[in-house]
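Notes follow once the structure below has been shown.
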Amino acid sequence: MKGRSWLILCLTTITLVLLSSCALNLFANFELRNLLTSGTVEQRLEAASSALSGGNYDAAIALAASVINEKLGLDLKIEDLEKLLDSASTVYDLARAIQSATVTEDLFDAVKILVEAVAFKTEKDISSLADEVIEILQELGIDLGFTKSKSNGSDFWAEFETNAGTIVKFLAETFDGRYTLKLLTSGYYFIAKNSTDNTLPAVLCSFYDIGYMFNLLLDIDDDGNVTDEKFVKDVISKPASIVEFSQQATSGLYKDREDCLEFIWAYGILQEMFEILDIQATFVTLDATTLSEKEHISDIFDILFGE
């Protein structure tokens, strides 16, 4: 009997714990919905900040986005806010609104929380990538120690070929999720343009912006990811042949005017961020027609480096 009583007690305790956990989750969801529907801007920002600190990135994203939604008159529904990253079109609408918004203190705080939460949620946070990011960008001729330099086209290819496998693998894994990169680029662009201490936001914007450009360039099937692309797999398996592969691989911009326009937008963002960071670089004039007519990846690099 003692054994049976002990078993019943254990089962009862476990059941109560599970029920309590469910009740807590339900309460958390109810509380979140209540804040989203009736909370003041101050309450939502405070809750979003707490959620970010506590690692509840979904709640932080929803609450920060709700403030942006209200301030910019986007008319997003509660369901859109709760599942923001599940909808590419919603993310694009939000990103476009942010990049052209007029700054207010509440909006600025909301965007900061949003981009940090999105970065952590999607494992694209700069803190965990910092060492690799600095190494990669330095290999490409961009020194984040701010001895500003930029490689010319031929040097770029020589450096890129030497480290191609590592670089492409890193870029592919980091730069999956095109719409997320668009949101992060737009968010940090807004912060960099409206911040008195804008060095770090400009670096972050540049990083995500470069990722967005690489995604557009390499993503042939337009699924938002590049790890599944043949070019990426080929370079990772045979790095020394990157130039040959780039001359054979179709550009993601080829005959895709919309992607070309997005690429040009991102290229302009990069130019603005380099000006903020005082990085010396030569930027060429791009047009969608020319980009869309270039069939191979190497053709795009030839345009970018003026060859």
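Small disclaimer: the values here were computed from a predicted structure and weren't measured.
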- Work out which heavy atom in E229 is nearest to a heavy atom in L218; give both atom names and the distance. CG-O, 3.2 Å
Taking distance alone, no hydrogens or angles, what donor-acceptor pairs closer than 3.5 Å link side-chain atoms of residues 112-121 to residues at least two apart or in another chain?
{"unit_1": "K121", "atom_1": "NZ", "unit_2": "D58", "atom_2": "OD1", "d": "3.0"}
{"unit_1": "K121", "atom_1": "NZ", "unit_2": "D58", "atom_2": "OD2", "d": "3.4"}

- Message: If I take atom CG from residue N56 and atom OG from residue S50, how far apart are they, to the nearest 0.5 angstrom?
- Response: 10.5 Å
- Query: Quick one: CD1 on I297 to CG on L217, what's the gap to the nearest 0.5 Å?
  - Reply: 5.0 Å
- Cluster question for you: counting only ILVMFWY and a side-chain heavy-atom cut-off of under 4.5 Å, with indirect links fine, are I220 and L253 together? no
- Ignoring hydrogens and angles, tell me if any N or O in the side chain of S237 forms a donor-acceptor pair with the backbone of D234 under 3.5 Å. yes
- Taking the six-membered ring for Trp, are Y212 and Y267 ring centroids under 6.0 Å apart? no
- Message: Do Q248 and K230 have side chains that approach each other closer than 4.5 Å (heavy atoms only, starting at C-beta)?
- Response: no
- Message: salt bridge (charged side-chain N to carboxylate O under 4.0 Å, His left out), that's the test. Do R44 and E70 meet it? Break it down for me.
- Response: CA-CA 11 Å; R44 279 176 282 159; E70 178 179 324; 2.5 Å; yes
- Side-chain heavy atoms of F207 within contact of K124, under 4.5 Å: no
- Query: Would you say the side-chain atoms of S49 pair up with the backbone N or O of L45, donor to acceptor, closer than 3.5 Å?
  - Reply: no
- Joint cluster assignment, I279 & I276, ILVMFWY side-chain distance < 4.5 Å: yes
- Query: Under the side chain to side chain contact (heavy atoms under 4.5 Å, CB included) criterion, do F263 and D259 qualify, and how do the steps go?
  - Reply: CA-CA 6 Å; F263 191 87; D259 280 2; over 6 Å; no
- Task: Give a yes or no on whether Y254 and L304 share a hydrophobic cluster (residues Ile, Leu, Val, Met, Phe, Trp, Tyr; joining criterion: side-chain heavy atoms under 4.5 Å apart).
- Result: no
- Task: Could you walk me through whether K238 and E244 pass salt bridge (charged side-chain N to carboxylate O under 4.0 Å, His left out), step by step?
- Result: CA-CA 11 Å; K238 195 175 179 182; E244 179 184 349; 5.7 Å; no
- Note on the structure: Looking only at heavy atoms, the pair that brings D209 and A266 closest together is OD2-O, 2.6 Å
- Between atom CD1 of I210 and atom CG of N215, what is the distance when rounded to the nearest 0.5 Å? 13.5 Å
- Can you measure from OG (S241) to CD (Q247) and round to the nearest 0.5 angstrom? 10.5 Å
- Would a distance-only check, ignoring hydrogens and angles, find a side-chain to backbone donor-acceptor pair under 3.5 Å from D287 to T289? yes
- Task: Among D222, D221, D223, find the one that has a salt bridge (Lys or Arg N to Asp or Glu O under 4.0 Å) with R178.
- Result: D222
- Which distance, rounded to the nearest 0.5 Å, do you find between the CD1 of I303 and the OG1 of T285? 11.5 Å
- Message: Filter on salt bridge (Lys or Arg N to Asp or Glu O under 4.0 Å), then keep only pairs touching residues 82-100, sequence neighbours left out; what's left?
- Response: R33-E82, D93-R96
- Query: Between V91 and T180, does a side chain to side chain contact (heavy atoms under 4.5 Å, CB included) hold up when you go through it step by step?
  - Reply: CA-CA 7 Å; V91 169; T180 302; over 6 Å; no
- Do N225 and D219 pass the side chain to side chain contact (heavy atoms under 4.5 Å, CB included) test, and can you show the C-alpha distance, the side-chain angles, and the key distance before you say yes or no? CA-CA 6 Å; N225 297 319; D219 186 15; 5.9 Å; no
- Message: Does atom CD (E79) have a neighbourhood of more than 12 heavy atoms from anything else shown, all under 6.0 Å?
- Response: yes
- Give the minimum heavy-atom separation between M273 and A202, together with the two atoms involved. SD-CA, 3.7 Å
- Could you state the interatomic distance from CG (D176) to CG (D228), rounded to the nearest 0.5 Å? 7.0 Å
- Message: Taking Y92 as the starting point, is it possible to reach I68 by hopping between hydrophobic residues whose side chains are less than 4.5 Å apart?
- Response: yes
- Parallel, tilted or perpendicular, as decided by the 30° and 60° cut-offs, for the rings of F274 and F283: perpendicular
- Item | Minimum-distance pair of heavy atoms, taken over all atoms of A101 and F190 | O-CE1, 3.7 Å
- Query: Under a 4.5 Å cut-off applied to non-hydrogen side-chain atoms, are D80 and K77 in contact?
  - Reply: yes
- Message: Taking the side chain as everything from C-beta on, heavy atoms only, tell me whether L63 gets closer than 4.5 Å to L32.
- Response: yes
- Under 6.0 Å from the CD atom of E295, do we count more than 12 heavy atoms belonging to anything else shown? yes
- Message: Can you give me the closest heavy-atom contact between A60 and A51, atom names plus distance?
- Response: N-CB, 3.7 Å
- Item | side chain to side chain contact (heavy atoms under 4.5 Å, CB included), paired with L291, selected from D299, D256, I264 | I264
- Cluster check F108, L72: I/L/V/M/F/W/Y, side chain < 4.5 angstrom: yes
- Query: Under 3.5 Å, side chain of S38 to main-chain N/O of L35, donor-acceptor pair present?
  - Reply: no
- Task: Just do the side chain to side chain contact (heavy atoms under 4.5 Å, CB included) check on I98 and Y188 with the steps written out, would you?
- Result: CA-CA 10 Å; I98 289 173; Y188 281 112; over 6 Å; no
- Task: Write down the atom of C260, the atom of S292, and the distance for their closest heavy-atom approach.
- Result: SG-N, 3.5 Å
